[in-house]
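Notes follow the structure.
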Amino acid sequence: MFSSSLKIMVMVGSMISGTIGSVHNLRIDKDSRLLYRIESFCFVNGGLVEMEISEYHSNNEEVRSGFILRKALSESSAQQELEESLEQNSCLLDYDDKKTKEIIEMRKGSNEERNAGDSGMNKKIKKKYQVESKHDAGLYSLIFAQCPSSTGGSSGRGDITATAISYKLMAKFQNPGPRYLSACDSKLPQVFAFFFVCYLLLCFGWFYLLFSAICSHLTNAQTKMSRNNNIRVHTIHWFMGILLIFKIMAMLSQSMRYFYIDKTGQGEGWEFVYYVFASLKGISLFIVILLIGTGWSLVKPYLNSKEKQIIAIVLCLQIIDNIALIFFDQTAPGSQSWLTWRDILHIVDILCCAAVLFPIIWSIRHLRQASQLSDDGTTKNLHNIQKLTLFRQFYILVVSYIYFTRIIVFLLAATLPFDKLWLRYIFSEFATFTFYLITGIKFRPREHNPYLPLKRSNPDDDDSLNTPNLDKGGGDDQGKDNQQFEKQHNFLPPSSSSDNFLDAEYGVGSTSSSS
């Protein structure tokens, strides 16, 4: 599955050549949209935008169309202006306010003040605009609009019928230096470098904890100490470490990517490195959450059919999500496919977030039923309650992480002023780092972990290794009922091979258990 994802990413990466850094080569072919944003960029004093328009063609020469460079307070306000213009049937080409900084009208016979100086439609039109004062610095949007001819009203769209328009646009955005990274994102190389160091320290601490647990286990084995005092490292712990490695490499490549975009306008190959590790990180994150939620490796050595189906679905969705991420990130907002890939990215991400919650809910339900069946105040029932509490905490943690990174951060980004837009990445990465840290603390290898099963001295209690740890006290009938409950919920290992896994995973010798 990982190799297939990488092959698809290589093919996708080789096909994309539209948007690289702050240099955009956009080709629009027979697009009938009335109004859309091509790109946004934050300029400081001395910032410069260079545009070259060629191969312009319109099926209706009576329709006015052109490019507008407008200033906005935030991304949400810029989008609101476009929506209001569409609702009110107003034409942005006729706006003459302080927000409108430049208009290039692509129509024969338009006056020279609003044209690039060339009335020919087949020739290249070049235009430059420079921010000349600190007052003019801010967030700018390059917009394309089409409106009816002047007979339809000087400030309205009239009854305009959408016309298919084609053109090729080369746009270069830069700030003094030259620096090709938007002023809104100028701090991103340092932000991602900082989180790279944070995750690196977290990774060192995690692997130190794992190897310390292994050394402690070996020492206890040599001194023949009680196995109940061992700190055991399980397979899921190594998966969590691998996830940290992928996250570290994603942060490093993201930092280098923005660093080179700022200096040269291009990512210098770091885009591909970032997409590889970001995809591996995304897949690993959802798989680790799923495995922890099912209790795999920690309390049972197998996955039932429903859990396997959920994992397979999430893997497929993540491959689609990663492809959508590449197209979404490498195409300008003005391209015809940008909105489609954006919607695919959001829908698939929501589906993945919803899918990872099901195994946690199932585990909570099973543990609640187990604690009710063995409600006798024994030590085993207390551990079932502890596991139930831990699952509930993990569920709340996952829901909070998804809600904050998918909704709250989006709302904050829509309302932040242009010079503070980089804070959205800090909010998102800080929430992710906190999620990783708390998850690692709760499920780290440790003695008497309430998430782990306990070994019993009575060989007849072999079923205590399964989840939930149901008490067989109360007579033969009660024991049969508990066994039947375990079988119905797929808690018993499907074959004797699971017993061997338990022996290797938990250090528990095989016992003479009845079927």
Side-chain angles (χ1 to χ4, degrees), residues 16 18-19 22-42 49 51-60 63-95 97 99-107 114 116 125 127 129 139-148 152 155-173 182 184 324 327-346 410 413-414 418:
I16 296 176
T19 302
S22 300
V23 180
H24 302 277
N25 294 302
L26 179 64
R27 179 180 291 274
I28 298 296
D29 184 30
K30 298 180 180 179
D31 192 346
S32 58
R33 288 177 292 173
L34 297 176
L35 184 66
Y36 56 89
R37 179 172 61 94
I38 296 176
E39 187 57 272
S40 295
F41 195 86
C42 295
V49 55
M51 292 176 285
E52 181 180 292
I53 305 145
S54 61
E55 301 179 19
Y56 178 87
H57 176 73
S58 174
N59 293 334
N60 185 359
V63 173
R64 301 164 56 203
S65 61
F67 301 86
I68 307 103
L69 189 66
R70 283 181 62 82
K71 185 180 177 182
L73 296 177
S74 63
E75 291 185 348
S76 60
S77 62
Q79 184 63 30
Q80 184 178 358
E81 285 184 356
L82 297 184
E83 294 174 356
E84 290 178 353
S85 176
L86 289 173
E87 292 176 357
Q88 299 171 5
N89 290 327
S90 59
C91 181
L92 285 181
L93 294 173
D94 297 322
Y95 280 24
D97 53 7
K99 293 182 179 180
T100 302
K101 302 300 180 182
E102 192 67 40
I103 295 179
I104 306 175
E105 187 169 337
M106 305 298 296
R107 180 168 172 263
R114 293 196 139 184
I125 297 177
K127 190 68 177 179
Y129 174 78
L139 174 64
Y140 284 74
S141 294
L142 180 60
I143 303 166
F144 181 84
Q146 58 169 301
C147 310
S155 60
R157 291 181 177 273
D159 297 327
I160 180 174
T161 301
T163 301
I165 295 178
S166 304
Y167 63 86
K168 182 179 179 181
L169 172 68
M170 194 285 292
K172 181 185 293 186
F173 304 86
S182 171
C184 303
F327 277 106
F328 174 77
D329 199 35
Q330 287 292 311
T331 54
S335 61
Q336 293 163 291
S337 61
W338 185 82
L339 290 175
T340 301
W341 286 113
R342 184 197 65 179
D343 294 339
I344 292 175
L345 181 65
H346 290 168
F410 176 78
F418 82 95

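For clarity, every value in this text was computed on a predicted model and none was experimentally measured.
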Response to the item:
For Ile165 and Ile28 the tightest heavy-atom approach is O-CG2, 3.7 Å
Discussion item. Closer than 4.0 angstrom, basic N to acidic O: yes or no for Asp29 and Lys168?
Written reply: no
Worksheet item: Can you tell me how far the CG atom of Leu169 sits from the OG atom of Ser54, to the nearest 0.5 Å?
Response: 8.5 Å
Discussion item. Working to the nearest 0.5 angstrom, can you tell me the gap between Ser65 OG and Leu93 CG?
Written reply: 7.5 Å
Response to the item:
Minimal heavy-atom distance between Leu92 and Cys147, with the atoms involved, is N-SG, 4.5 Å
Worksheet, complete the sentence: In this structure, CD of Glu87 is separated from CD of Glu83 (nearest 0.5 Å) by 7.0 Å
Fill in: Gap separating the OH atom of Tyr167 from the NZ atom of Lys30, nearest 0.5 angstrom
16.0 Å
Discussion item. I'd like to know if the side chain of Thr163 pairs up with that of Ser58 as donor and acceptor (distance under 3.5 Å, no hydrogens or angles considered).
Written reply: no
Worksheet entry | Arg27 vs Glu55, side chain to side chain contact (heavy atoms under 4.5 Å, CB included): CA-CA, chis, key distance, verdict | CA-CA 9 Å; Arg27 179 180 291 274; Glu55 301 179 19; 2.9 Å; yes
Worksheet item: Any salt bridge between Glu81 and Lys99, counting N to O under 4.0 Å?
Response: yes
Worksheet entry | Spacing of CH2 belonging to Trp341 relative to NE2 belonging to His346, to within rounding of 0.5 Å | 14.0 Å
Worksheet entry | Smallest separation among heavy atoms of Cys42 and Ser182, with atom names | N-OG, 2.9 Å
Discussion item. Taking the side chain as everything from C-beta on, heavy atoms only, tell me whether Tyr140 gets closer than 4.5 Å to Tyr129.
Written reply: yes
Fill in: Tyr36 side chain near Ile143 side chain, heavy-atom distance below 4.5 Å
no
Worksheet entry | Short side-chain to backbone donor-acceptor contact, Glu105 and Arg64, under 3.5 Å | no
Fill in: Leu35 versus Leu82, closest heavy-atom pair with distance
CD2-O, 3.5 Å
Item to complete: Applying side chain to side chain donor-acceptor pair (under 3.5 Å), run through Tyr95 and Ser90 and close with a yes or a no.
Response: CA-CA 9 Å; Tyr95 280 24; Ser90 59; 2.9 Å; yes
Worksheet item: Is it true that Arg70 and Glu102 make a salt bridge, defined as a side-chain N closer than 4.0 Å to a carboxylate O?
Response: no
Worksheet item: Given Ile104 and Ile125, is the side chain to side chain contact (heavy atoms under 4.5 Å, CB included) satisfied, shown in steps?
Response: CA-CA 9 Å; Ile104 306 175; Ile125 297 177; 4.3 Å; yes
Discussion item. I need the Phe144 CZ to Arg37 CZ distance, nearest 0.5 Å.
Written reply: 16.0 Å
